[in-house]
Amino acid sequence: MAGREDALDGEPSPATGRPETALPAGRRLHTSERNEHPVDLSTLGTETRNDKTSDLDRMSPTELLLAMNDEDRTVADAVRRAVPDIAAAVDVIVASLRQGGRLIYLGAGTSGRIGMLDAVEIPPTFGTTPDRVVGLLAGGARAFGVAVEGAEDDPTRAVADLDEVGLTARDTVVGLAASGRTPYVVGGLDHARARGAATVSVACNTDAVTSRHADVAIEVPTGPEVLTGSTRLKAGTAEKLVCNMLSTATMARLGKVYGNLMVDMNATNEKLVDRARRIVAEAADTDLDTAARALAAAHGHAKTAIVLLLANCTAEEAAARLRAADDDVRAAVAA
């Protein structure tokens, strides 16, 4: 009997862009409906038992923690093998942002929360507006703290969520699903493609359903979890590493860093004010007092202060250079 992911693999309706089998928007699946056609996930690597931890309940705390650490050490290698696909996704996201589009993370449960976490960190780290990188979670923002039953099983929720944030063809939607078959994510990817948006899938199993619904497919097979099926562990770690890579590499390509310094950060508290001063001093190879004066002249904007010092110009001229150089420090200094 076909599972839900098989039904979702069909072509979207020409009229709506939604899978023909989709439920009406907003309608939740009742338990009886979900059990009518049970999905068999036993073949997924993330759902199988880990032979190395079959005695987890009898391990001492130290033994258990060492077992977890051993398993966690395999995650970075799995991510490394996916770097070519991650790089392809970065190219797609950069193109979207350069034409005024957005990076939109889409996911359910742990996967969706990881996308939201990355999204909210981008404005303070890179000085962007909150609408440039967006995180959508099945069940809405309230599902970040309290699980919303059945939310991930309804693909039309993703359609409504994307429409609510004004999805356009300039955006890139990154669908995060550890299992690689979450209906909410599949529905969102299909809707994004129907609207002409670029799509990227991130899964922690091979031959993932979501991979067949995205322009760029990232598969990071993390294997069995220490605690069977608990994909908040290795799979969640892998997804966080991938999100870190996607956003950081994208922002670097967009001129949001100089060297390895966060020159576009928002200095919104005492710790960050001190960091901004040290960043300017490092970038301009000067002392902290000089950096502080340059920051004051640049109204606290580290990037402007750096250009001011390196190009030996006024704050106004530094700002003008940055505008002309598409906000790139190296180009602004060389102008």
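Between Leu308 and His301, the closest side-chain pair of non-hydrogen atoms is not below 4.5 Å. Between Glu47 and Asn205, every side-chain heavy-atom pair lies at or beyond the 4.5 Å cut-off. Looking at heavy atoms from C-beta onward, Arg278 lies in side-chain contact with Leu288 at the 4.5 angstrom threshold. Considering only heavy atoms from C-beta on, Val242 stays 4.5 Å or farther from Leu176 through its side chain. The side-chain heavy atoms of Thr228 and Asn50, taken from C-beta on, include no pair separated by under 4.5 Å. By the 4.5 Å heavy-atom criterion applied to side chains, Thr304 and Leu322 are counted as neighbours. Counting heavy atoms from C-beta outward, Arg193 and Val173 have side chains that stay 4.5 Å or more apart. Residues Thr182 and Thr210 form no side-chain contact, since every pair of their non-hydrogen atoms from C-beta on lies 4.5 Å or further apart.
In summary, of the residues considered (Asp154, Asp153, Asp161), a side-chain hydrogen bond (donor to acceptor under 3.5 Å, both in side chains) with Tyr184 occurs for Asp161 alone. None of Asp190, Thr199, Val185 except one satisfies the side-chain contact (heavy atoms from CB on, under 4.5 Å) rule with His213; the exception is Asp190.
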Where do Ile122 and Arg132 land on the side chain to side chain contact (heavy atoms under 4.5 Å, CB included) test, with the steps shown first? CA-CA 9 Å; Ile122 300 308; Arg132 298 305 304 281; over 6 Å; no

Pair His191-Asp163, side chain to side chain contact (heavy atoms under 4.5 Å, CB included): steps then yes or no: CA-CA 9 Å; His191 185 58; Asp163 285 345; 2.8 Å; yes

Quick one, Asp70 with Lys52, criterion side chain to side chain contact (heavy atoms under 4.5 Å, CB included). Give me CA distance, side-chain angles, the key distance, then yes/no. CA-CA 10 Å; Asp70 286 342; Lys52 299 175 185 176; over 6 Å; no

Could you go through the side chain to side chain contact (heavy atoms under 4.5 Å, CB included) check for Arg49 and Ser54 one step at a time? CA-CA 8 Å; Arg49 288 191 70 181; Ser54 57; 4.1 Å; yes

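Using a distance-only test at 3.5 Å, with no hydrogens or angles considered, a donor-acceptor pair links the side chain of Thr314 to the main chain of Glu317. The closest donor-acceptor contact from the side chain of Arg81 to the backbone of Glu219 lies at 3.5 Å or more, if one exists at all. A donor-acceptor pair is defined here as one N or O able to donate and one able to accept, closer than 3.5 Å; no such pair exists between the side chain of Ser211 and the backbone of Asp207. Judged purely by atom type and a 3.5 angstrom limit, Asp171 has no side-chain atom pairing as donor or acceptor with the backbone of Gly101. For the pair Arg113 (side chain) and Phe144 (backbone), a donor-acceptor distance under 3.5 Å is present. Looking only at distances, a side-chain donor or acceptor of Asp287 sits under 3.5 Å from a matching main-chain atom of Thr290. Looking at Asn269, its side chain does come within 3.5 Å of a backbone N or O of Lys271 through a donor-acceptor pair.
Residue Leu117 belongs to no hydrophobic cluster, having no ILVMFWY side-chain heavy atom closer than 4.5 Å to its own.
Across all their heavy atoms, Leu272 and Met265 have their closest contact at O-CE, 3.3 Å. Of all heavy-atom pairs between Ala119 and Pro123, the closest is O-CD, 3.3 Å. Residues Ile306 and Ala283 share a closest heavy-atom pair of CD1-CB, 3.6 Å. The minimum heavy-atom distance between Thr125 and Glu121, with the atom names listed, is OG1-O, 2.7 Å. Considering all non-hydrogen atoms of both residues, Val257 and Phe126 come closest at CG1-CE2, 3.9 Å. Minimum interatomic distance between Leu64 and Leu56 (heavy atoms only, all atoms of both residues): CG-CD1, 3.6 Å.
Here CG of Leu44 is found 8.0 Å from CZ of Arg181. Values are rounded to the nearest 0.5 Å. Considering CG of Leu103 and CG of Asp118, their distance stands at 7.5 Å, rounded to 0.5 Å. Atom CD1 in Ile279 sits 11.5 Å away from atom CZ in Arg277 (nearest 0.5 Å). The distance from the CZ atom of Arg58 to the OG1 atom of Thr53 is 12.5 Å, given to the nearest 0.5 Å. To the nearest 0.5 Å, atoms CD (Glu152) and CZ (Arg157) are separated by 11.0 Å. Here the CD1-OG1 distance, from Ile114 to Thr237, works out to 7.5 Å after rounding to the nearest 0.5 Å.
For the 3.5 Å distance criterion, the side chains of Thr129 and Asp131 qualify, holding a donor opposite an acceptor.
In this structure, Val200 is a member of the same hydrophobic cluster as Tyr105, with clusters built from ILVMFWY side-chain heavy atoms closer than 4.5 Å. Put simply, Leu241 and Val216 are part of the same group of oily side chains (I, L, V, M, F, W, Y) that touch within less than 4.5 Å, one to the next. Hydrophobic clustering (side-chain heavy atoms under 4.5 Å, transitive across Ile, Leu, Val, Met, Phe, Trp, Tyr) groups Ile218 together with Val75. The cluster map of Ile, Leu, Val, Met, Phe, Trp and Tyr, joined by side-chain heavy atoms under 4.5 Å apart, puts Met245 and Leu254 in the same cluster. Linking Ile, Leu, Val, Met, Phe, Trp and Tyr whenever their side-chain heavy atoms come within less than 4.5 Å puts Val79 and Leu246 in one cluster.
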Exercise answer: donor-acceptor pairs, residues 90-100 side-chain atoms, under 3.5 Å, sequence neighbours excluded:
| unit_1 | atom_1 | unit_2 | atom_2 | d |
| --- | --- | --- | --- | --- |
| Asp91 | OD1 | Arg253 | NH1 | 2.9 |
| Ser96 | OG | Arg170 | O | 3.0 |
| Ser96 | OG | Thr172 | OG1 | 2.5 |
| Arg98 | NH2 | Arg253 | O | 3.1 |

Donor-acceptor pairs under 3.5 angstrom involving side-chain atoms of residues 133-140: please list them, not counting sequence neighbours.
none

Let me check something: any side-chain donor-acceptor pairs from residues 325-335 under 3.5 Å, sequence neighbours excluded? List them with distances.
| unit_1 | atom_1 | unit_2 | atom_2 | d |
| --- | --- | --- | --- | --- |
| Asp327 | OD2 | Lys303 | NZ | 3.4 |
| Asp328 | OD1 | Arg330 | N | 3.2 |
| Asp328 | OD1 | Ala331 | N | 2.9 |

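Applying the salt bridge (charged side-chain N to carboxylate O under 4.0 Å, His left out) definition to pairs two or more places apart or across chains, those involving residues 230-240 are Glu71-Lys234.
Not counting sequence neighbours, Arg275 has no partner by the salt bridge (charged side-chain N to carboxylate O under 4.0 Å, His left out) test.
Applying the 6.0 Å contact sphere to CG of Asp57 captures more than 12 heavy atoms from other residues, nucleotides or ligands. Heavy-atom neighbours of Asp55 CG from other residues, nucleotides or ligands within 6.0 Å: above the threshold of 12. Heavy atoms of other residues, nucleotides or ligands lying less than 6.0 angstrom from CZ of Arg80 number 12 at most.
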